[in-house]
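For reference, the structure is listed below as C-alpha cells.
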There are 2 protein chains.
Amino acid sequence: MSREVTPIADQLRARGMRVTAARHAVLEWLADNPHATVEHVHDGISQRLGSISKQAVYDVLKACLEADLVQQIKPAGHPARFERRTGDNHHHLVCRSCGRIEDVDCAVGARSCLNPDHDHGFEVDEAEVMYWGICGACRTAATNAPGDDHSRQ
Amino acid sequence: MSREVTPIADQLRARGMRVTAARHAVLEWLADNPHATVEHVHDGISQRLGSISKQAVYDVLKACLEADLVQQIKPAGHPARFERRTGDNHHHLVCRSCGRIEDVDCAVGARSCLNPDHDHGFEVDEAEVMYWGICGACRTAATNAPGDDHSRQ
DNA sequence: CCGATAAACTTGAATCAGTCAAGTTTACGA
DNA sequence: TCGTAAACTTGACTGATTCAAGTTTATCGG
C-alpha cells in the first residue's frame with residue numbers, strides 16, 4: 001500500500017543514483033514500515049528479494065541518507081532506526097525499554113526550538129528533540145511480570 | 001578550583017553511598033571537566049590515584065548516575081559523556097566532527113518543550129534536546145586541510 | 001545491442017564502546 | 001577488630017557498525 005507520489009525509481013534517478021533491486025526494495029519497504037532497524041529492514045526485504053547481505057542494507061541506507069531519501073534516528077543505547085519522512089522537523093518518542101519509536105509533531109510549533117540562544121561558535125544545522133519514556137506495552141509487561149522487559153518491540 | 005557547596009564525601013554519604021577514593025576522584029575531576037568521556041575521566045584520575053581500572057570508572061559513573069550525582073549525554077555515533085550539572089533542563093550543542101559538547105540553556109524557556117502534544121500511550125519522563133553542528137575548531141581545520149578532521153576534541 | 005567501467009553488492013574480518021562474570025580488596029557498621 | 005556487602009581488578013565477550021578485498025551489475029558511449 002505504498003502511496004508514493006513519485007515512483008521510487010524516479011526518486012533515485014532524480015538524484016543521479018543507480019536504480020537497483022536492493023534500493024527499490026529498501027525504500028518501498030521502509031515506506032510501509034517506519035522506524036525500522038537495519039535488522040528489521042534486512043528481514044523485511046530478504047523475503048521479497050530472495051536474499052541480500054546485511055552490509056548491502058547498510059550501504060543502501062547510507063546512500064539514501066546522504067541523498068536525503070531517508071532519515072536516521074539513533075537513540076542512545078539502541079540500534080539506529082530509519083524512516084522515509086524527512087525534512088519536516090518532527091520529533092520522536094522513544095521507549096527506554098524496547099526502543100520502540102513514535103513520531104511527534106513539534107510541540108512548540110515549527111522551528112521554534114531550532115536556534116540555541118548561544119551557539120558557542122558552532123555552525124548549527126539541526127535540532128533534535130527526543131522524548132524518552134516507557135511505552136504502554138512495556139508498562140503493562142512490567143506490571144504483569146516485573147523484572148522482565150519483553151524487549152525489542 | 002572545584003567550588004563545591006557540599007563536600008563530595010557528604011554528597012555521597014547523603015545518598016547512602018560508600019565514600020571511596022575512586023568515587024571522590026571521579027566526582028572532583030568531573031566538576032572541573034564537564035562533558036568528559038569515560039576515557040577522559042580515566043586518564044584524568046589515573047594520575048591522581050596512581051591507577052584505576054576503566055571498569056571501575058564505568059561502575060562509579062553508573063552508581064553516580066543512578067544517585068543523580070552526574071548526568072549522561074550519549075550523542076549518536078560518539079562515546080557517552082558525563083557532567084555534574086543535573087536537573088536544570090539544559091541542552092547540548094554537539095560537534096558532528098569531534099564530538100565536543102557545549103551547554104545551552106533551553107531556548108524556549110524551562111520545560112516548555114517537555115510535553116509532546118500526543119504521547120502515544122508513553123509515560124514520558126524526559127525531553128532531550130540536542131543541537132548538531134560543526135564547532136569552530138573543526139570548521140577551521142576543515143578549511144585549512146580539507147578531508148582531515150582532527151577528531152576527538 | 002555490446003562492451004567498458006565505476007558503482008553496488010558479497011563475504012568475512014575488524015573495531016569500538018560498553019557489559020558481564022569471577023575473583024580480590026576495602027569501607028564501615030556491629 | 002571483624003565480618004560482610006559493596007567496590008574494584010582483570011579479562012573475556014557482545015552487538016552494532018565499519019572496513020577491505022573481490023565479484024557482480026546498471027548504465028553510458030559506441
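In what follows, chains are A, B, ... by sequence order, proteins preceding strands, each numbered from 1.
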Write down the distance between [atom1] ([X]) and [atom2] ([N]), rounded to a whole number of angstrom.
X: A:Leu49; N: C:dA8; atom1: CG; atom2: P; answer: 16 Å
X: A:Arg15; N: C:dA7; atom1: CZ; atom2: P; answer: 19 Å
X: B:Leu12; N: D:dA6; atom1: CG; atom2: C1'; answer: 13 Å
X: A:Ile73; N: D:dA16; atom1: CD1; atom2: P; answer: 17 Å
X: A:Ile52; N: C:dT11; atom1: CD1; atom2: C1'; answer: 14 Å
X: B:His24; N: C:dA27; atom1: NE2; atom2: P; answer: 13 Å
X: B:Leu61; N: C:dA17; atom1: CG; atom2: P; answer: 15 Å

Next item on the list: List the steps, then state whether side-chain contact (heavy atoms from CB on, under 4.5 Å) holds for A:Ile101 with A:Glu83.
Entry: CA-CA 11 Å; A:Ile101 290 187; A:Glu83 65 183 353; 6.0 Å; no

Step-by-step side-chain contact (heavy atoms from CB on, under 4.5 Å) determination, B:Trp29 to B:His40:
CA-CA 10 Å; B:Trp29 191 85; B:His40 293 152; 4.0 Å; yes

So the side chain to side chain donor-acceptor pair (under 3.5 Å) pairs with at least one residue in residues 62-74 of chain A (sequence neighbours excluded) are none

*asked:* Once you apply a heavy-atom cut-off of 4.0 Å, does B:Ala22 come out as touching a base, just sugar-phosphate, or nothing?
replied: sugar-phosphate

Note: for A:Asp59 and B:Glu39 on DNA chain C, the residue whose nearest nucleotide lies more 5' is A:Asp59

A correct 5'-to-3' footprint of nucleotides 17-30 of chain D, with B, S and - meaning base, sugar-phosphate only and no protein heavy atom under 4.0 Å, is BBB-----BBS---

query: So, for A:His35 and A:His92, is the gap between ring centers shorter than 6.0 Å?
result: yes

* Just do the side-chain contact (heavy atoms from CB on, under 4.5 Å) check on B:Met130 and A:Met130 with the steps written out, would you? => CA-CA 8 Å; B:Met130 201 115 73; A:Met130 201 116 73; 5.9 Å; no

Only residue of B:Glu123, B:Glu128, B:Glu126 satisfying side-chain hydrogen bond (donor to acceptor under 3.5 Å, both in side chains) with A:Trp132 is B:Glu128

